[in-house]
Amino acid sequence: MEQKISLEKIRLQNAVRLGCSGEMLEAEVSQGGGGIVIPCEGFESKQTLAMELETMGVDFAPFFVFFYKKGTGAAESEQQGCCLPGEREAGSPEAPVFWVRTGVKPGLKSTWSLELCLLERKAFPRRTPGRQKLDLTGLPCRIEEMDRLYLCFTPGSSPVRVQFQNLRLCQEQPEYHIERRLLLDEMGQFIPKSWPGKETSVKKMVGQLQARYAREMLEKPVFYAKDWNRWGGWKEKRLCRGTGFFQTCFDGKRWWLVDPEGYAFFSVGPDCVGEDRETRADEWEHLLKYNPSPKGKYGEAVRRESWGDGQRPLFIDFPKINLMRAFGEDWREKWNDMTVRRLYGWGFNTVANWSDQEFCRRAGLPYVLALNVKYPFPSTAETIYQDFPDVFSEEYREKSRQFAGGLLPYLEDSLLIGYFMCNEPGWGFEKGLNLGLQLLKSRKKLASRRVLAEFLKERYRGEVTNFNQRWNTEFSSFEELLLPCPEDLRISEAGLNDLRDFTAVLIREYVGVPAEECRRVDEKHLNLGMRWAFIHDPLLLAGWEHFDVFSINCYKTDPRPSLHAIREAGVDKPFLIGEFHHGALDAGHTATGIRGVASQADRGKAYRYYVENAAAFPNLVGCHYFTYNDQSPLGRMDGECYNIGFVDACQKPYPDMVQAARETAARLYQVVDGQIAPTEDLPEEVPEVFL
């Protein structure tokens, strides 16, 4: 059963109406961002919001859906275009309480939908035909509490022309509009766009790939920079005798990694070598020119997964198919040989995160390990908030022991620099999250709750009267905190501050327990930390002392302000950047990535500027680029579809990126050591296009 949403109730914001007839509204959205405001009258959590959307043009146009609570007036984000998350203080009256970042394929009429119950539980949503990645942000809330939503296209380099049609609320999943249109060719290239270097036929692509392989195999796998030793360390600076494994060292003015022979080492390399190339095809089969069978000639490049929610997504690896076309049964061996020579010759000394482990073991290059890939980061059956576990439970300790066991196969591997425990924990994205408050409000039986009661009892020296006065509550004893609190409990600002302090206790335990168990198993390799997405709250730094290296993923043009902030907050450790990138729209993709520049030449400049200026920071010991491969133009598992690689779908290198990496490598250690200044050649950024 469907309930239509009348176009008369919809208000345009920073957009011009181009036409309106029946159930269809066409508008041009301002270059500064804008869209439509829809009242949430009659919305219920059991419903799904759906509409047919089509954005005109060949480039992706991402948009947000902001939700505002009842009783708030028109927010500044509505008046002045699209207010991006992070640009407004969480909890301020103008801020949306929940938002979604998403989009649809350009130039393709698609059904976009959102299950409104996701505002309450924020589960990872299923992919649907036409809809790209769906990112949810904000504390749990109920759609019945909302006054309006604002579907707002992000600021871009030009206005966005868009059609909205058949806005409706559905009790079940809507009927999805499927439009047969070929967007991806048989080589994995985006059909609607043309660009220099686009392959025009499989036969020509195969010939060029074979010729490229023959040329590259004439080169020996040696580092491009002449002052690098066999590990990629700096021949001119030996810091100690060496232990046979990587370690860290402070030389009196800056931090270093140290290679197994004792030489100064700064880690540079791409993520996802051999990975992150697949197209999520089960919802996009009607857009593929070539749809190989899992049992056919290229079945090795086609796979289905069984996910816990009943999904069985289909993945097709077109770059792998291209290698199989060129090299037949020997494709993997030849890809290995070619890629090893590329990494050596392009100015890298590290195979970075998410890379093919078999390749890492065979390449002879230092590498890092994503420990949580084969061995999930420890969790508990009952969590405090989303993916944040009951960290003081014995279950968490036991799961941490199991997690640490994943290090056993690597104990004597001297090429392994170290391991990341996890990547961008979901709960860590929530600005203003008070985990202590979430624990107190929880109706679950959690071991951490007893620790909270003990924490408060100690803080108030057992004086419950003083505690109640400060909290504006009426507890009879601290033991009463072990019981579910009343639903209408209101806590004073002092009480919220106490719970915020306990949030740091929880995070420290979250970090410390698995770190201790990993250290018990493996004393030789470096703990490289948690790879935080970004540090929006100093509380996220709690537990840093358990790491050998503190890691973040830093998608900035210049990472130095972020690095300064971490150091100023008191983290006295080496730092490592696990991810950064810049993408452009001139090589056949519809999205740039998290940072955008105008061209492939500018991508090269951006790479060099970022790495050299980061390397000059005295705490930084490594800088890893995301990723080695371009992502699929139709989208990987979650819908990301960015031009961010060193190689395209046909294994063709981007010359500007390769040259920039080489130029950086040739002067890297002099920059790190402060002998020469980093480059100041910074390309102009363009509005980024990403999900």
Q: Donor-acceptor check, side chain of Ser632 to backbone of Arg277, threshold 3.5 angstrom: yes or no?
A: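 No; zero donor-acceptor contacts below 3.5 Å.
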Q: Using only atom types and a distance under 3.5 Å, with no angle test, would you say the side chain of Arg595 pairs donor to acceptor with the backbone of Phe580?
A: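 Absent.
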Q: Any salt bridge between Asp251 and Lys237, counting N to O under 4.0 Å?
A: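 Yes, Asp251 and Lys237 are salt-bridged.
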Q: Could you please spell out the steps behind the side chain to side chain donor-acceptor pair (under 3.5 Å) verdict for Arg519 and Asn527?
A: CA-CA 8 Å; Arg519 184 64 66 209; Asn527 185 326; over 6 Å; no
Q: Roughly how far, to the nearest 0.5 Å, is CG of Leu257 from SG of Cys249?
A: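 If I round to the nearest 0.5 Å, the distance is 10.5 Å.
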Q: If only atom types and distance count, is the side chain of Asn372 paired as donor or acceptor with the main-chain N or O of Pro376 below 3.5 Å?
A: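 Such a contact is absent between Asn372 side chain and Pro376 backbone.
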Q: As a quick check of understanding, evaluate salt bridge (charged side-chain N to carboxylate O under 4.0 Å, His left out) for Arg508 and Glu545, giving each step before the final call.
A: CA-CA 9 Å; Arg508 191 169 290 109; Glu545 62 274 5; 3.6 Å; yes
Q: Does any non-hydrogen side-chain atom of Leu435 lie less than 4.5 Å from one of Leu433?
A: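 Yes; the side chains approach each other to less than 4.5 Å.
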Q: Between the side chains of Glu640 and Lys133, is the shortest nitrogen-to-carboxylate-oxygen separation below 4.0 Å, so that they form an ion pair?
A: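 Yes, this pair counts.
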Q: For side-chain contact (heavy atoms from CB on, under 4.5 Å), just list the numbers for Asp656 and Gln600, CA-CA rounded to whole Å, side-chain angles, deciding distance to a tenth of an Å, and then say yes or no.
A: CA-CA 6 Å; Asp656 295 294; Gln600 299 305 306; 3.8 Å; yes
Q: Going by an N to O cut-off under 4.0 Å, is there a salt bridge joining Arg361 and Glu358?
A: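 Salt bridge absent between Arg361 and Glu358.
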Q: Heavy-atom distance under 4.5 Å between the side chains of Arg254 and Val672, does that happen here?
A: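 When only atoms from C-beta onward are counted, Val672 and Arg254 do touch, with a gap below 4.5 Å.
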Q: Is it the case that Asp227 and Trp234 place a side-chain donor and acceptor less than 3.5 Å from each other?
A: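 Yes, Trp234 and Asp227 have a side-chain donor paired with an acceptor closer than 3.5 Å.
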Q: Are Glu300 and Arg332 ion-paired here, with the side-chain N under 4.0 Å from a carboxylate O?
A: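 Looking at Arg332 together with Glu300, the answer is yes, because their closest N to O distance falls below 4.0 Å.
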Q: Once rounded to the nearest 0.5 Å, what's the spacing between atom CZ of Phe626 and atom OH of Tyr642?
A: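 Going from CZ on Phe626 over to OH on Tyr642, the span is 9.0 Å.
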Q: Heavy-atom distance under 4.5 Å between the side chains of Pro366 and Val351, does that happen here?
A: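 Not touching, per the 4.5 Å side-chain cut-off.
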Q: So which heavy atom on Leu407 is nearest to which on Tyr419, and how close?
A: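 Looking at all heavy atoms of both residues, the closest pair is CD2-CD2, 3.6 Å.
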Q: Quick one: does Asp271's side chain have a donor or acceptor within less than 3.5 Å of a partner on Asn353's backbone?
A: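 Yes; at least one donor-acceptor contact below 3.5 Å.
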Q: So does Asp337 get a backbone contact from the side chain of Arg362, meaning a donor-acceptor N/O pair under 3.5 Å?
A: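 It does not hold such a pair.
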Q: What class does the angle between the rings of Phe348 and Trp346 fall in, given that below 30° is parallel, 30 to 60° is tilted and above 60° is perpendicular?
A: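 It falls in the perpendicular class, over 60°.
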Q: For the residue pair Glu424 / Trp532, report whether a side-chain donor-acceptor contact shorter than 3.5 Å exists.
A: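 No, because no side-chain N or O of Trp532 sits under 3.5 Å from a partner of the opposite role on Glu424.
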Q: Are Arg325 and Tyr298 in a cation-pi contact, defined as NZ or CZ under 6.0 Å from the six-membered ring centre and within 45° of the axis?
A: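 Yes.
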Q: Hey, does the side chain of Asp548 reach the backbone of Leu526 with a donor-acceptor pair shorter than 3.5 angstrom?
A: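 No.
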Q: Is any NZ, NE, NH1 or NH2 atom of the basic residue among Asp673 and Lys253 found under 4.0 Å from an Asp or Glu carboxylate oxygen of the other?
A: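 Between Lys253 and Asp673 there is a salt bridge, with a charged N closer than 4.0 Å to a carboxylate O.
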Q: Any donor-acceptor pair under 3.5 Å linking the side chain of Gln670 with the backbone of Ile676?
A: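 Not a single qualifying donor-acceptor pair exists.
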Q: Between Tyr555 and Glu579, is a side chain to side chain donor-acceptor pair (under 3.5 Å) present by the stated rule, with each step listed?
A: CA-CA 7 Å; Tyr555 287 96; Glu579 294 179 16; 2.6 Å; yes
Q: How long is the gap from CD1 on Ile552 to CZ on Phe534, to the nearest 0.5 Å?
A: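 So the CD1 of Ile552 and the CZ of Phe534 are separated by 11.0 Å.
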Q: Would you check if Tyr654 and Asn643 make a side-chain contact, meaning some heavy-atom pair closer than 4.5 Å?
A: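 With C-beta onward as the side chain, the pair touches.
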Q: Under a 4.0 Å N-O cut-off, is there an ion pair linking Asp558 with Lys556?
A: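 No, this pair does not count.
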Q: Considering non-hydrogen atoms only, spot the tightest contact between Asp317 and Glu278 and give its length.
A: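 Of all heavy-atom pairs spanning Asp317 and Glu278, the closest is CB-CG, 3.9 Å.
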Q: Answer yes or no: does atom CD of Gln675 have more than 12 heavy-atom neighbours from other residues, nucleotides or ligands under 6.0 Å?
A: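 Yes - once you tally the heavy atoms of other residues, nucleotides and ligands closer than 6.0 Å, there are more than 12.
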Q: Is Arg280 paired with Asp282 through a side-chain N to carboxylate O contact shorter than 4.0 Å?
A: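 Salt bridge flag = yes for Arg280 with Asp282.
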Q: Is it true that the NZ or CZ of Arg303 lies under 6.0 Å from the centre of Phe315's six-membered ring and within 45 degrees of the ring axis?
A: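 Yes, Arg303 and Phe315 form such a contact.
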Q: Working to the nearest 0.5 angstrom, can you tell me the gap between Asp356 CG and Tyr628 OH?
A: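 That separation rounds to 12.0 Å.
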Q: Under a 4.5 Å cut-off applied to non-hydrogen side-chain atoms, are Tyr213 and Trp335 in contact?
A: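 No, side chains not in contact.
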Q: Mind checking the CG-NZ spacing from Leu209 to Lys334? Nearest 0.5 Å is all I need.
A: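 That separation rounds to 10.0 Å.
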Q: Flag the pair Arg636 and Glu275 as a salt bridge only when some basic side-chain nitrogen lies within less than 4.0 angstrom of an acidic carboxylate oxygen.
A: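 Answer for the salt bridge query: no.
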Q: Is it true that Glu395 and Lys399 make a salt bridge, defined as a side-chain N closer than 4.0 Å to a carboxylate O?
A: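 Between Lys399 and Glu395 there is a salt bridge, with a charged N closer than 4.0 Å to a carboxylate O.
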Q: Between Thr243 and Pro260, is any pair of side-chain heavy atoms under 4.5 Å apart?
A: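 Side chain of Thr243 against side chain of Pro260, heavy atoms only: no contact under 4.5 Å found.
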Q: Does the side chain of Asp630 reach to within under 4.5 Å of the side chain of His589, using non-hydrogen atoms?
A: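 Asp630 reaches His589 side chain to side chain.
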Q: So which heavy atom on Gly604 is nearest to which on Met657, and how close?
A: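 Reported closest heavy-atom pair: N-SD, 3.8 Å.
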Q: Is the number of heavy atoms from other residues, nucleotides or ligands under 6.0 Å of Glu394 CD greater than 12?
A: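 Counting neighbours around CD of Glu394, more than 12 heavy atoms of other residues, nucleotides or ligands fall under 6.0 Å, so yes.
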Q: Does Phe550 have its ring centroid less than 6.0 Å away from the ring centroid of Trp544?
A: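 No, ring centres 6.0 Å or more apart.
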Q: Looking at Glu517 and Arg520, does any basic side-chain N land under 4.0 Å from a carboxylate oxygen?
A: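 Salt bridge between Glu517 and Arg520, a charged N being under 4.0 Å from a carboxylate O: yes.
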Q: For Pro514, does its backbone N or O pair with a side-chain atom of Arg397 as donor and acceptor, under 3.5 Å?
A: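 Not a single qualifying donor-acceptor pair exists.
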Q: Do Leu365 and Leu343 touch side chain to side chain, with heavy atoms closer than 4.5 Å?
A: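 Leu365 reaches Leu343 side chain to side chain.
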Q: Do Arg531 and Phe420 form a cation-pi contact, if we require the NZ or CZ to be under 6.0 Å from the six-membered ring centre and within 45 degrees of the ring's axis?
A: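 Because its charged atom sits under 6.0 Å from the ring centre and within 45° of the axis, Arg531 does stack over Phe420.
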Q: Can a donor-acceptor pair be found, under 3.5 Å and without considering hydrogens, that links the side chain of Ser355 to the backbone of Ala352?
A: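 Present.
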Q: Is the charged tip of Arg342 near the ring of Phe646: under 6.0 Å from the six-membered ring centre and within 45° of its axis?
A: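 No, Arg342 does not lie over the aromatic ring of Phe646.
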Q: I'd like to know if the side chain of Arg341 reaches the main chain of Tyr344, judged simply by a donor and an acceptor atom lying under 3.5 Å from each other, with no hydrogens or angles considered.
A: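 Flag not set: sc Arg341 to bb Tyr344 has no pair under 3.5 Å.
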Q: I'd like to know whether the aromatic ring centres of Tyr510 and Trp427 sit less than 6.0 Å apart in this structure.
A: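 Centroid distance Tyr510-Trp427: below 6.0 Å, so yes.
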Q: Applying the side chain to side chain contact (heavy atoms under 4.5 Å, CB included) criterion to His624, which one of Ile577, Thr350, Val268 satisfies it?
A: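 The passing option is Thr350.
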